[in-house]
There are 2 protein chains.
Amino acid sequence: MAPVTNGRVLFAAIPTGFPVPGETLIYDTTETIDPENVPLNGGFLVKVLVLSVDPYLRGLLRPADVPSYMPAFTLGAPIVSAGVGVVLRSELADVAVGSYIIGMSPHKEYFVAQSLGGAARLRILERDPRLPLSVYIGVGGMPGETAYMGWKEFSKAKKGEVVFVTTGAGPVGSMVIQIAKNDGLKVIASAGSEDKVQFMKDIGADVAFNYKTTDVRDVLKKEGPIDIYWDHVGGDTLDAALEHSNKFGRFIECGQITGYNTGAEPMKNPMLILSKSLSVNGFLVNDLRPTYADDFRAEFMPKLADGTYKYTEDITRGLDKVGEALLGVLKGTNTGKAVVVVADE
Amino acid sequence: MAPVTNGRVLFAAIPTGFPVPGETLIYDTTETIDPENVPLNGGFLVKVLVLSVDPYLRGLLRPADVPSYMPAFTLGAPIVSAGVGVVLRSELADVAVGSYIIGMSPHKEYFVAQSLGGAARLRILERDPRLPLSVYIGVGGMPGETAYMGWKEFSKAKKGEVVFVTTGAGPVGSMVIQIAKNDGLKVIASAGSEDKVQFMKDIGADVAFNYKTTDVRDVLKKEGPIDIYWDHVGGDTLDAALEHSNKFGRFIECGQITGYNTGAEPMKNPMLILSKSLSVNGFLVNDLRPTYADDFRAEFMPKLADGTYKYTEDITRGLDKVGEALLGVLKGTNTGKAVVVVADE
């Protein structure tokens with residue numbers, strides 16, 4: 001078989017605000033690969049099928065010398081995110097041809113890996129036949145783990161308490177809403193469009209509102225005070241949540257998207273942390289996984305597979321559309337977990 | 001016996017910045033009392049001996065309709081703080097004449113109480129003969145409890161970690177320094193005068209500096225990063241601590257004195273809570289007391305009585321000097337726990 005194009009999404013330039021498709025991320029077709037003959041050197045060849053597109057990727061499009069919780073992407077190289085692929089060839093005894101591989105995948109149509117595990121945390125995916133592959137990089141993957149594990153670790157939720165969830169129509173937020181309802185809480189949830197508000201109501205939010213047309217303080221004054229705040233946005237919404245928290249409120253800092261593109265926004269009155277005896281916790285799901293991975297498989301995944309927990313996906317077809325898909329999640333125009341289908345199964 | 005003057009410290013006007021002795025707090029001598037004949041109605045008569053003066057009192061000198069973690073003082077009435085007195089007369093079986101009473105005491109020379117417990121949390125003080133009465137409203141009282149219980153609950157301290165303690169020469173901070181050293185940590189401590197810096201070194205701080213003459217960021221850059229931050233000041237120092245925290249840092253919000261008189265100062269970059277997986281916890285010692293009171297008596301008090309934990313007191317004589325003493329602790333001119341001696345034992 002002759003070499004074929006191995007399309008790639010390259011980190012071409014550091015964005016100053018929102019990333020610009022075709023400029024900060026470019027789709028490159030200059031690399032070729034011969035799937036039948038590319039040397040494996042004891043490893044295996046993966047054909048990428050689906051890739052995850054998440055807001056946190058914006059934070060990795062930065063200069064390499066700016067420290068943060070994850071290393072920056074390398075300028076000129078493909079970006080990386082959670083993905084699932086299928087093994088086309090293998091020289092590794094424990095990786096069979098035809099098995100699905102999940103892990104941190106380069107944004108390429110094909111890649112050769114030397115081993116499972118490692119920095120990319122590649123592993124064989126044991127797939128529940130009731131679930132599509134994309135779920136494993138969606139609500140059945142990191143976003144679902146983030147919701148489930150963050151909630152387990154920090155919420156100290158008690159039946160009858162009130163939680164406020166921001167970006168409640170997103171893959172993490174929508175799971176937080178359903179986990180909180182499952183725990184017997186009153187759920188207030190916000191998102192940025194009427195469709196998303198409807199979706200949040202459909203999955204069980206007691207109060208759902210469009211933050212673009214409704215004042216968050218009005219809602220929290222009427223429906224709060226709150227006991228738990230699940231933060232995805234930071235900025236003024238975080239300030240409002242602090243103002244309307246009960247004593248002993250738990251603030252779960254999962255994201256502060258307001259500041260991702262425009263720089264940090266201050267917290268107006270940190271004294272409220274003191275005066276209300278609040279607990280404000282930042283976390284990365286990777287640090288919670290060792291503690292909660294078994295619970296997640298045993299408790300959360302079956303509820304996804306049997307339809308108890310509902311989800312939506314926003315599927316974009318084609319590796320060349322990753323830049324647009326990322327811009328979509330950063331601007332909030334996606335509806336459901338953003339996934340790029342690179343190739344069909 | 002003829003009636004005698006019952007001097008009182010009254011909350012006379014709401015301060016806009018620092019309280020003004022003689023204006024916002026006034027010493028009043030218009031009330032009289034006849035200690036031998038005042039009706040007890042089944043209660044007991046206390047002669048006040050020592051009163052505590054603490055920064056948090058500033059927060060209670062506010063309009064009654066501004067909510068906070070403690071009710072505001074009542075305009076025109078005596079202020080209240082921790083105090084110790086001696087029982088002169090009693091009609092209560094479990095309160096003997098001559099016993100010491102500790103609890104929230106009105107700033108008066110004499111007062112009649114109906115019972116132990118209650119909102120004032122009055123109780124019989126079982127005094128260790130090695131310790132002066134003032135210690136029980138000082139480091140052996142709320143400030144010591146605050147340091148010990150806050151540390152127990154939130155520090156998750158591990159030997160070899162680094163803690164930064166602000167107002168390290170104060171009654172809480174000086175105990176945090178010594179508890180942290182006892183736990184095997186490296187201690188960085190700040191205060192606002194050379195005398196205080198010397199005192200912090202004397203009680204074991206590994207690094208002690210005067211924040212008025214030394215840049216906190218320079219110190220933390222050289223001696224950090226930190227694992228635990230004990231906050232008494234908030235403002236820019238809190239920002240600096242966030243910038244120089246390790247991942248998984250624990251921030252213990254015990255006070256933010258910077259904002260007490262001038263209004264809240266923002267936290268510049270709350271995104272650091274997220275990116276460093278920090279835990280920021282506000283607390284009130286009253287909420288921790290049920291959990292840790294026994295440990296405090298068994299573990300902390302003996303170390304005070306045998307001299308392991310060192311302390312200093314800044315003693316002011318005369319109830320008429322409460323206003324000045326409060327201004328002193330708010331401006332940081334006191335050296336050691338501020339106590340007002342109202343009458344000798």
Can you tell me which residue among A:Met267, A:Glu265, A:Lys268 is in a side chain to side chain contact (heavy atoms under 4.5 Å, CB included) with B:Pro270?
A:Met267
Segment of B:Leu278 engaging chain A (4.5 angstrom heavy-atom cut-off):
backbone
Counterpart residues, side-chain hydrogen bond (donor to acceptor under 3.5 Å, both in side chains), relative to B:Asp287 (two or more places apart)
A:Lys247
Is it the backbone or the side chain of B:Phe251 that comes under 4.5 Å from a heavy atom of chain A, or both, or neither?
neither
Checking heavy atoms, do the side chain of A:Phe154, its backbone, both or neither come under 4.5 Å from chain B?
neither
Largest heavy-atom contact set with chain A, pairs under 4.5 Å, which of B:Asp239, B:Leu284, B:Leu272
B:Leu284
For A:Ile273 versus B:Asn281, what's the shortest heavy-atom pair and its separation?
CG2-C, 4.3 Å
Taken to the nearest 0.5 Å, the spacing of B:Glu253 CD from A:Ser275 OG works out to 11.0 Å
Report the residues that fulfil salt bridge (Lys or Arg N to Asp or Glu O under 4.0 Å) with B:Asp231, sequence neighbours left out, ordered by chain and then residue number.
none
